[in-house]
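Read through the structure below, which is laid out as structure tokens, and then see the notes.
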4 protein chains.
Amino acid sequence: MATTRVDEAADEAPVSRVQRKRDRRIQEILTTAAELFGERGYDAVSLEDVAERLDVTKGSLYYYFPSKDQLGISAVETLGNRWTARLEELLAGLDGPVHDRLRGLIGEHISIAVRDYPAGLRMFLVPQDWPEQQRAVIKELRQRHDRLFRELIDEGVAAGDFTVTGVDAALRCMHASMSQSAVWFAGLEGQRLERAIAELTDTLMMLVGVMPGAGTAPDQA
Amino acid sequence: MATTRVDEAADEAPVSRVQRKRDRRIQEILTTAAELFGERGYDAVSLEDVAERLDVTKGSLYYYFPSKDQLGISAVETLGNRWTARLEELLAGLDGPVHDRLRGLIGEHISIAVRDYPAGLRMFLVPQDWPEQQRAVIKELRQRHDRLFRELIDEGVAAGDFTVTGVDAALRCMHASMSQSAVWFAGLEGQRLERAIAELTDTLMMLVGVMPGAGTAPDQA
Amino acid sequence: MATTRVDEAADEAPVSRVQRKRDRRIQEILTTAAELFGERGYDAVSLEDVAERLDVTKGSLYYYFPSKDQLGISAVETLGNRWTARLEELLAGLDGPVHDRLRGLIGEHISIAVRDYPAGLRMFLVPQDWPEQQRAVIKELRQRHDRLFRELIDEGVAAGDFTVTGVDAALRCMHASMSQSAVWFAGLEGQRLERAIAELTDTLMMLVGVMPGAGTAPDQA
Amino acid sequence: MATTRVDEAADEAPVSRVQRKRDRRIQEILTTAAELFGERGYDAVSLEDVAERLDVTKGSLYYYFPSKDQLGISAVETLGNRWTARLEELLAGLDGPVHDRLRGLIGEHISIAVRDYPAGLRMFLVPQDWPEQQRAVIKELRQRHDRLFRELIDEGVAAGDFTVTGVDAALRCMHASMSQSAVWFAGLEGQRLERAIAELTDTLMMLVGVMPGAGTAPDQA
DNA sequence: TATGAATGAGCGTTCATTCAT
DNA sequence: TATGAATGAACGCTCATTCAT
């Protein structure tokens, strides 16, 4: 702990204690807001709702965000960034055949969706719920997100490991399905959840032509 | 008048002319409401909007429906029934190999989604948008809907034409993807739309193990 | 009364009874709003205030006006039109030397200001209180209003009856002063009020070079 | 320290250094607030605005003033005192015929209004904008202000240089017009502004019977 | 049956004010 | 002294709902 303190002291970042505290508060708000928006959709969440869950008054939110829209944008950004970061991290630590890596990525994505942001994916799923401006942000995040999957699929196709009708179509179906997983698996836990995730993952692998039970390599015949 | 009465008596239902007129009016309202909800989603449609498109006043709607929620329920039923009926009809007119029939069903479903009810599928996709009560109705419709696909897949699996990791998983992914199609293909028209639908259909067939361009059997070579 | 009814029936204006009632209600609201805006200024009057004085709820106002701004615009227009109409009417009935007519016009203007719209002139006086859009309306009304005075002054100057440094400057000072008269004479009544108005009128006539006690003609020397 | 104490003792007021600092701060705040109120009017200025221009936080203002209203009162006093002081100063430096002095006074008043406190005069013009308490302060300032003009006019009338219907009426019209000058001349600059002020001044002189271009005496020819 | 009118709860937003630090 | 944070009342506005006619 002392070490940590020293580290912080050593870090000459120009953020004051006050600023850090403010940042922390902002993160709290953002997390709570993202939760709620994810659960009910943008329109259905009032600032009163957000404030109540944070145990402050509506007006206080305006100390940190100039409007509901801005809060929405920031919440989406925060959620999306965290998510993507986790996937990027995972991917960085993986090697082996491309279909194993894709399988890993899909599994992790579903895991996050189900375990950490049970409703967070709604945003990506139904961007129509959001005001024009936020949609741009959502779209951008989605693309960053998409790229991780797309690169793997491209690689697999190039290597002849994957077969697709179209990369876009496959990707879209994959995301649509993963985005729904939190709804489907809500309530499942432990072994049951594991198995459900595994089955879904296998099913989604079929979208790139990897048949179930085909073991590791699709082209072993 | 006597004549009218006779006519009514001949009619097997004991509905008066008045009642029939009322029913007709209700259907008009339902159709219009379903249209609007389909276009913009439940929350984004006000009773004023519905009334205006019907060229009546807001208050009049309350003569037929006790609340917006009830109107919503009924409208969803209308929409869902119509949708399912179209699919059932199509299916009744199809024969040939099971994968061709499934392909036809998927294609038609996407067609309806994209062309007729751009936002209609959101109801099935994100039932959280709807008040508790409606969700039951939605769920039931969904099941009827689902059954059409499930029976075909079961048949294909039994015949050895389809390979799946799990029927449920495959179905879910199929529906999740079809439900998004309206969003993905919004703006597309004519040839471009046809091709997009075809590609999506082919991709979804892979979920039951039918490879693209594999003709009839998935992997008989 | 019967006659009146007949007249109304004879009048084939396409306004239904319902429409007339609505119009009457709108006039009530407009009058009340104009009163309040005049008393306290645009910003200081809330829709709640207007509603309360009308003994309805805030929301009801929106049945008649789409926004506070629109209510403001309409209120200004109503007030201004009525005012101008009265002055035009008066002027139509006047003849005689130009300074007598100007004197009459000024007197009537002050009379209306003090007796009928004690605070209504604030709008013309402090248009900064109003949103951009309303100012345009106010400005236009002011000009119509202004024209009545300007024409008389021009005529007097042309006839050599009036002497001015500049017509604009004289007009402006005249209006600024008349606009304040309601504040100055608030509380005065009967003879006292008459005398106050007369004195102010005489003073204002000096702005066009008509000396007090100069009798009827300014150039009798 | 001792020195300091001696200095303070020498100073006739028993104000500590701390107190002087506080006073200075208060003056800063008052000046800034008066500026802002003068520019935009009382209602349109928020404490946030005042704080921002002072580069402090909103909360800090409450260390010096118990409420916005109190700040308003004091700011008006500051503004009014400064204004009156400038006029008194000018007057002290003037001699010559009374109409020249009046002309000078009017010109300076308009100059201040247009150039320094564009919205400042609204306070005097429309005291309804202000909370009850401030009105007393405003009224008093107004009287001090008024006296400067009244004394000159009285002198001129006594000397036979001025002719008025009534001193009060003339004064009122004069002030009403001068108060509007900021509105009328907003946007004018340089030569154009000079000329406008000159013309308005000449016009106002007519209120005391001084004809334009009549040189020194009104109608001695 | 259908309408025009009204209601009232709720929304996003602003801002004077308070207060622990 | 001064700050950052929070509060709560008020605002303009929307809309599902009610009701006399």
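Because only heavy atoms are used, hydrogens play no part in the values below, and waters and symmetry mates are left out as well, while side chains stay in. Residue numbers start from 1 in every chain, and the chains themselves are labelled A, B, ... in the order their sequence lines are given, proteins ahead of strands.
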Exercise for the section: Applying salt bridge (charged side-chain N to carboxylate O under 4.0 Å, His left out), name anything that partners Arg25(A), two or more places apart in sequence or on another chain. Expected result: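 Per chain and number, Arg25(A) pairs via salt bridge (charged side-chain N to carboxylate O under 4.0 Å, His left out) with Glu28(A).
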Problem - With Glu48(B) via salt bridge (charged side-chain N to carboxylate O under 4.0 Å, His left out) - residues at least two apart - result: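 Salt bridge (charged side-chain N to carboxylate O under 4.0 Å, His left out) list for Glu48(B), sorted by chain: Lys58(B).
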Problem - salt bridge (Lys or Arg N to Asp or Glu O under 4.0 Å) pairs, two or more places apart, involving residues 63-79 of chain A - result: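 Sorted result for residues 63-79 of chain A: empty, none.
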With [X] via side chain to side chain donor-acceptor pair (under 3.5 Å) - residues at least two apart:
| X | value |
| --- | --- |
| Ser67(C) | none |
| Ser60(D) | Thr57(D) |
| Asp43(A) | none |
| Gln27(C) | Arg82(C) |

Exercise for the section: Report the residue (Val56(A) or Leu61(D)) whose heavy-atom-nearest nucleotide on DNA chain F is the more 5′ of the two. Expected result: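 Going by which nucleotide is closer to the 5' end, it is Leu61(D).
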Practice task
Please indicate whether Gln70(B) has more than 12 foreign heavy atoms, meaning atoms of other residues, nucleotides or ligands, lying under 6.0 Å from its CD.
Solution key: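 Above 12, so yes.
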Practice task
Could you tell me whether Val45(C) contacts a base, only the sugar-phosphate backbone, or nothing, with contacts defined as non-hydrogen atoms closer than 4.0 Å?
Solution key: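 Since only primed, P, OP1 and OP2 atoms lie under 4.0 Å of Val45(C), the category is sugar-phosphate.
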Exercise for the section: Identify whether any heavy atom of Arg22(A) sits under 4.0 Å from a base atom; if not, whether one sits that close to sugar-phosphate; answer base, sugar-phosphate or nothing. Expected result: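 Since only primed, P, OP1 and OP2 atoms lie under 4.0 Å of Arg22(A), the category is sugar-phosphate.
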Practice task
Select from Lys21(B) and Tyr64(C) the residue whose nearest nucleotide in DNA chain E is closer to the 5' end of that strand.
Solution key: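 The residue closer to the strand's 5' end, by nearest nucleotide, is Lys21(B).
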Collect all protein-nucleotide pairs involving nucleotides 13-15 of chain E in which both atoms are nitrogen or oxygen and the distance is under 3.5 Å.
residue : atom : partner  : partner atom : Å
dT13(E) : OP2  : Tyr62(A) : OH           : 2.4
dT13(E) : OP2  : Lys68(A) : N            : 2.7
dT13(E) : O5'  : Tyr62(A) : OH           : 2.9
dT13(E) : O4   : Lys58(A) : NZ           : 3.4

Practice task
For residues 42-68 of chain C, pull every pair meeting ring-ring contact (aromatic ring centres under 6.0 Å, His included), keeping only residues two or more places apart or in separate chains.
Solution key: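 Pairs touching residues 42-68 of chain C that pass the test: Phe37(C)-Tyr42(C), Tyr42(C)-Trp130(C).
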Practice task
Check whether any side-chain heavy atom of Leu71(B) lies under 4.5 Å from a side-chain heavy atom of Leu47(B), and answer yes or no.
Solution key: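 Sidechains of Leu47(B) and Leu71(B): in contact.
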Practice task
Return the angle between end axes of the helix from dA2(E)-dT21(F) to dT21(E)-dA2(F), with five pairs used per end and rounding to 10°.
Solution key: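 Answer rounded to 10°: the end axes differ by 30°.
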Practice task
Please find the earliest and latest nucleotides of DNA chain F, in the 5' to 3' direction, that have an atom within less than 4.0 Å of any heavy atom of chain D.
Solution key: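 Range of nucleotides within reach of chain D: dT1(F) to dG4(F).
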